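We use all heavy atoms of the structure for the numbers below, so side chains are in, but hydrogens, waters and symmetry mates are not. Please read all numbers here as calculations on a predicted model, not as lab measurements. Convention: sequence-line order gives letters A, B, ...; per-chain numbering from 1.
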Number of protein chains: 2
Amino acid sequence: MKRTSMEGATCPVARSLDVIGDWWSLLIVRDAQYGLRRFGEFQKSLGVAKNILAQRLKHLVDHGILETQPASDGSAWQEYVLTEKGRSLFPILVALGQWGQEHCFEAGEPRTRVLDKAHGQPVKPLEVRAVDGRVLTVQDVRLERPPTQG
Amino acid sequence: MKRTSMEGATCPVARSLDVIGDWWSLLIVRDAQYGLRRFGEFQKSLGVAKNILAQRLKHLVDHGILETQPASDGSAWQEYVLTEKGRSLFPILVALGQWGQEHCFEAGEPRTRVLDKAHGQPVKPLEVRAVDGRVLTVQDVRLERPPTQG
DNA sequence: AAAGCCCGGTTTCGTTATGCAACCAATTGT
DNA sequence: ACAATTGGTTGCATAACGAAACCGGGCTTT
């Protein structure tokens, strides 16, 4: 009765979710993107139980999304910093954020926003595009499944 | 000891995850994007237990991501189809898929791909852009928290 | 250098969610 | 009319989650 794993799936979405699809991982990554590094910082920011946080940090380190660094302020403790793999989750977080803003808030309700540092403007809504630049919707794409599968 | 809810969070990412952040919801939505509509189709495609699937479908309907339609092939059963809110999850799925392809597969390992119908080409990698069109990385943005919080 | 306070966890234990299988009603095929 | 399929629900065992207690090493204060 273990939670079913998507590790062997041929669908990239399923494999991604297998790694970062739990309730906390993406929130940890989000906080890491914005500079949090220490266990205590994450715990305070997220309000998550310490055992769960420890589990998740270990999971993210094991999967190469975070790595531990010996220090940075001279103290003997370690810090958790994003790897390149972790930083490349940025579009996912932006996509989730934009969807959430659009669909999970009342008008005027206060919310955290991601702003372009250069001009203080919100980020442009993501667009899925073809290699030739056309904007694509779900109707414009199709799924290609691998040849030999079930 | 209930699973902590993000419903009241001011962060849009957290609110999104509160709705679609579990192990199955996005996979159901992905299948729905590619045309699956019936309970049995989802169950067969995902291999999920029927009680869990029923729970998740209800959850997605409650949150306005799917809606039930009376029929389409004349039978007396109902179908689950995406609402506009559900269709707008498309960029999130693309982002997850692209990240998964890049980071969760060995080279040459067979995988499902999303292709532009027009030319059969894979979709272009997503780019986060500023309103003026500049491509942004996480270093180019900052977080603006709502004024009175905490 | 001793006492005490943080930081970063681990342990314990109760509660919740997940997953499998059995069951069941309504619909459909024969 | 009878059997199989569809679309679920119910029960039960197990794994994950969450709160709080605990704990050891680092750091601080004196």
**Request:** Identify, between L57(A) and R56(B), the residue whose nearest nucleotide on DNA chain C lies closer to the 5' end.
**Result:** L57(A)
**Message:** Taking any heavy-atom pair under 4.0 Å as a contact, classify Y80(B): base, sugar-phosphate, or nothing.
**Reply:** sugar-phosphate
**Request:** Quick one: closest heavy-atom pair of T112(A) and P12(B), and the distance?
**Result:**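 Scanning both residues completely, I find the closest heavy atoms to be O-CD, 3.3 Å.
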**Item:** Separation of R56(B) CZ from L53(B) CG (nearest 0.5 Å)
**Value:** 9.5 Å
What is the separation between atom [atom1] on [X] and atom [atom2] on [N], rounded to the nearest whole Å?
X: L27(A); N: dC17(D); atom1: CG; atom2: C1'; answer: 15 Å
X: K50(A); N: dA21(D); atom1: NZ; atom2: C1'; answer: 10 Å
X: Q55(B); N: dT16(C); atom1: CD; atom2: P; answer: 14 Å
X: Q43(B); N: dC20(C); atom1: CD; atom2: P; answer: 10 Å
X: K44(A); N: dG8(C); atom1: NZ; atom2: C1'; answer: 16 Å
X: R37(B); N: dG7(D); atom1: CZ; atom2: P; answer: 13 Å
X: W24(A); N: dA19(D); atom1: CH2; atom2: C1'; answer: 13 Å
X: Q78(A); N: dC27(D); atom1: CD; atom2: C1'; answer: 17 Å

**Message:** Atom CZ of residue position R142(B) - does it have more than 12 heavy atoms of other residues, nucleotides or ligands inside 6.0 Å?
**Reply:**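 Yes.
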Which one, [options], comes nearest to the side chain of [X]?
X: F39(A); options: dG9(C), dG19(C), dT5(D); answer: dG9(C)
X: A54(A); options: dG26(D), dG8(D), dT10(C); answer: dT10(C)
X: T4(A); options: dC7(C), dG19(C), dT28(C); answer: dG19(C)
X: I52(A); options: dG18(D), dT18(C), dT6(D); answer: dG18(D)

**dT6(D) phosphate, OP1 or OP2, under 4.0 Å from R38(B) side-chain N/O** = no
**Item:** Step-by-step salt bridge (charged side-chain N to carboxylate O under 4.0 Å, His left out) determination, R134(B) to D116(A)
**Value:** CA-CA 10 Å; R134(B) 285 158 28 247; D116(A) 173 10; 3.2 Å; yes
**Complete:** On DNA chain D, more 5' by nearest nucleotide between N51(B) and G40(B) is G40(B)
**Side-chain donor/acceptor of Q98(B) to backbone N/O of A95(B), under 3.5 Å** =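 Side chain of Q98(B) to backbone of A95(B): no pair is present.
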